[in-house]
Protein chains: 2
Amino acid sequence: MPRTQAFARDDVVRAARALFWRSGYDNTSIPELEQATGLSRSSIYNTFGSKRGLFDAAVRSYFDEILRPRLAPLQAEAVEPHAVLEYLDGMRRAFEQAGSLPATCGCLLINAAGAPIGQDAAVAGLIAEYRSELRAAIERGIEAHSPGLPGERTSQLADVVTGLVIAAFALIRVAPAEAAASLGTARDLIGSAGAA
Amino acid sequence: MPRTQAFARDDVVRAARALFWRSGYDNTSIPELEQATGLSRSSIYNTFGSKRGLFDAAVRSYFDEILRPRLAPLQAEAVEPHAVLEYLDGMRRAFEQAGSLPATCGCLLINAAGAPIGQDAAVAGLIAEYRSELRAAIERGIEAHSPGLPGERTSQLADVVTGLVIAAFALIRVAPAEAAASLGTARDLIGSAGAA
DNA sequence: CCCTTTCTGTACAGACCATTACAGTATACA
DNA sequence: TGTATACTGTAATGGTCTGTACAGAAAGGG
């Protein structure tokens with residue numbers, strides 16, 4: 001009976017995600033979203049309820065399609081010894097790939113953390129959750145890389161590496177070289193901890 | 001001949017600075033600035049030329065009155081051995097002081113780094129300059145604290161501590177406890193480097 | 001083929017924004 | 001005290017924004 005939806009919801013969310021990623025929530029307008037998604041205003045509101053609803057869908061998509069896949073090897077039951085180094089290298093490559101969204105815009109969530117939308121409880125909670133997940137994944141990666149390390153040292157090293165990753169995200173837009181170097185430093189620390 | 005200015009320019013800039021700090025450039029409106037500064041629209045435009053002009057004045061004031069004084073002990077000719085630890089402790093106290101601007105809003109510049117205004121070349125340059133100054137100051141502080149440390153280790157430790165400070169700024173709004181802990185980690189690293 | 005249901009495009013409404021134009025007012029010197 | 005000068009309040013301008021209302025188009029089942 002009902003007419004079927006003529007567009008692929010996931011594609012729409014991905015297009016919106018790119019826009020929010022680039023410009024942030026407040027600085028992305030409905031007309032821009034119309035153009036990027038190919039949908040008209042009506043369909044956007046009919047499908048997502050509001051600009052905020054579309055943003056939430058974009059954030060969830062960012063979480064599932066961008067963040068989680070990178071962390072997956074560190075969240076698996078068995079973590080490869082080099083998984084944490086590969087994570088950092090992969091991130092660094094993304095940062096050095098000129099023109100890519102991570103290189104030019106950093107992290108959608110970390111950007112939101114300093115913006116007005118970051119004051120929103122739901123968004124703030126999600127960012128805190130991501131930080132916590134990142135921290136846990138990195139700690140597991142370090143454990144797999146340097147099993148002999150005392151737990152206290154592992155934990156501290158995880159704090160440091162997590163901080164360096166977040167600092168890299170925060171600075172990529174204004175100091176890309178330093179942001180990449182920050183990841184390099186994290187890599188070196190893990191390497192030398194294993195040697196010690 | 002000319003009528004003298006009836007308001008204290010510095011006070012106006014400080015009031016505007018607090019607003020920009022809390023809400024960012026885009027999310028602060030002229031009516032809000034009028035109310036906070038006590039000036040009318042005319043006087044704001046007459047004195048600062050534009051909203052952007054007032055923002056630039058606010059950023060300069062932030063640099064001179066907030067950031068620089070904290071770094072000063074690390075930029076003096078002779079740096080005290082504990083200056084870098086005191087810097088981190090002072091920052092941590094500011095972060096833990098509930099309701100204060102640093103605790104609730106982090107850093108005006110780091111927030112701007114992820115916002116649209118951070119794409120502006122002048123603002124981006126200023127943020128990069130601050131990062132570089134912070135990094136240099138921290139390195140000098142570490143040198144003063146642990147003079148025996150090899151230069152390579154000092155440099156790496158400075159990278160790490162700088163990253164942890166920036167990560168703390170980036171996360172304070174959404175994860176204040178973790179942000180403060182990040183500074184604690186930085187402190188511990190410097191302490192244990194000195195002991196080694 | 002018809003009819004119900006859903007999707008979609010256009011036009012509108014109401015609010016806010018930064019900025020400017022202009023008139024009025026207060027000052028400091030002659 | 002007069003007057004040139006600069007400061008300041010009001011009001012208007014032109015633009016943009018999100019969200020909504022409504023009409024029309026498309027699609028699937030009977």
Side-chain angles (χ1 to χ4, degrees), chain A residues 1-59 108 111-112 115-120 122-123, chain B residues 1-59 108 111-112 115-120 122-123:
Chain A
M1 217 124 73
R3 177 180 168 186
T4 55
Q5 203 167 42
F7 56 87
R9 193 182 189 279
D10 287 358
D11 289 345
V12 167
V13 171
R14 271 189 280 267
R17 184 182 74 196
L19 230 59
F20 285 128
W21 197 348
R22 195 185 316 274
S23 308
Y25 177 76
D26 287 296
N27 220 248
T28 302
S29 69
I30 301 280
E32 285 171 320
L33 289 165
E34 286 185 83
Q35 190 170 11
T37 60
L39 260 59
S40 79
R41 199 166 288 245
S42 301
S43 302
I44 291 177
Y45 278 91
N46 189 45
T47 310
F48 301 99
S50 66
K51 181 183 171 186
R52 178 59 198 278
L54 178 51
F55 180 74
D56 287 342
V59 166
L108 174 53
N111 292 347
I117 188 77
Q119 308 280 25
D120 178 280
V123 176
Chain B
M1 220 120 83
R3 176 179 168 188
T4 55
Q5 204 166 41
F7 56 86
R9 194 182 189 278
D10 288 356
D11 289 343
V12 167
V13 172
R14 272 189 278 267
R17 184 182 75 195
L19 232 57
F20 285 128
W21 198 347
R22 194 184 316 274
S23 309
Y25 176 77
D26 287 296
N27 220 247
T28 301
S29 69
I30 299 283
E32 284 171 320
L33 289 165
E34 287 184 88
Q35 189 170 10
T37 61
L39 260 59
S40 81
R41 206 164 284 245
S42 301
S43 301
I44 291 176
Y45 278 91
N46 189 48
T47 310
F48 301 99
S50 65
K51 181 184 171 184
R52 178 60 198 277
L54 178 52
F55 180 74
D56 287 342
V59 167
L108 174 54
N111 290 347
I117 187 78
Q119 308 280 25
D120 178 278
V123 175

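We name chains A, B, ... by the order of the sequence lines, and we start the count at 1 in each one. Note that this is a predicted model, so its numbers are computed, not measured.
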Distance col, row A:Asn46:CG vs A:Ser40:OG, nearest 0.5 angstrom, shows 9.5 Å
Tell me which residues in residues 22-38 of chain A put a heavy atom below 4.0 Å from DNA chain C, sorted by number, or none. none
B:Leu39 CG to D:dC7 P, straight-line distance once rounded to whole Å: 11 Å
Are the side chain of A:Lys51 and the backbone of A:Tyr25 linked by a donor-acceptor contact shorter than 3.5 Å? yes
Answer with yes or no whether A:Ser40 presents, from its side chain, a donor or acceptor under 3.5 Å of a partner atom in the base of C:dT10. no
Measure OH/B:Tyr45 against P/D:dA11 and give the value in whole Å, please. 18 Å
Return the nearest nucleotide to the side chain of B:Ser42; candidates are D:dA21, C:dA18, D:dT10. D:dT10
How far does CZ of B:Phe48 sit from CG of B:Leu33, to the nearest 0.5 angstrom? 10.0 Å
Pairs under 3.5 angstrom, nitrogen or oxygen only, protein versus nucleotides 12-15 of chain D, please.
none

Contacts of A:Ser29 that satisfy side chain to side chain donor-acceptor pair (under 3.5 Å) - sequence neighbours left out: A:Glu32
Who passes side chain to side chain donor-acceptor pair (under 3.5 Å) against A:Glu34, sequence neighbours left out? A:Arg41
A:Asp120 meets the side-chain contact (heavy atoms from CB on, under 4.5 Å) criterion, sequence neighbours left out, with A:Arg52, A:Ala122, A:Val123
With a 3.5 Å cut-off and sequence neighbours excluded, list the donor-acceptor pairs that the side chains of residues 12-21 of chain B form with protein atoms.
from, atom 1, to, atom 2, distance (Å)
B:Arg14, NH1, B:Glu65, OE1, 2.8
B:Arg14, NH1, B:Glu65, OE2, 2.9
B:Arg14, NH2, B:Asp11, OD1, 3.3
B:Arg17, NH1, B:Ser61, OG, 2.6
B:Arg17, NH1, B:Glu65, OE1, 3.0
B:Trp21, NE1, B:Gly106, O, 2.9

Please enumerate all residues that pass side chain to side chain donor-acceptor pair (under 3.5 Å) together with B:Asn27, with sequence neighbours excluded. none
Does the side chain of B:Thr37 reach to within under 4.5 Å of the side chain of B:Ile44, using non-hydrogen atoms? yes
Closest non-hydrogen atoms of A:Gln119 and B:Arg22, given as atom of the first, atom of the second and distance, are NE2-O, 4.2 Å
For A:Asn46 and D:dA21, what is the distance between atoms CG and P respectively, to the nearest whole Å? 13 Å
Between C:dT10 atom P and A:Ile44 atom CD1, what is the distance in whole Å? 13 Å
Looking at A:Ser43, I'd like to know whether one of its side-chain N or O atoms comes within less than 4.0 Å of OP1 or OP2 on C:dT8. yes
Compute the bend angle of the helix from C:dC1-D:dG30 to C:dA30-D:dT1 from the end axes (five pairs per end), rounded to 10°. 0°
Mind running side-chain contact (heavy atoms from CB on, under 4.5 Å) on B:Phe55 and B:Ile117 for me, showing each step along the way? CA-CA 10 Å; B:Phe55 180 74; B:Ile117 187 78; 3.9 Å; yes
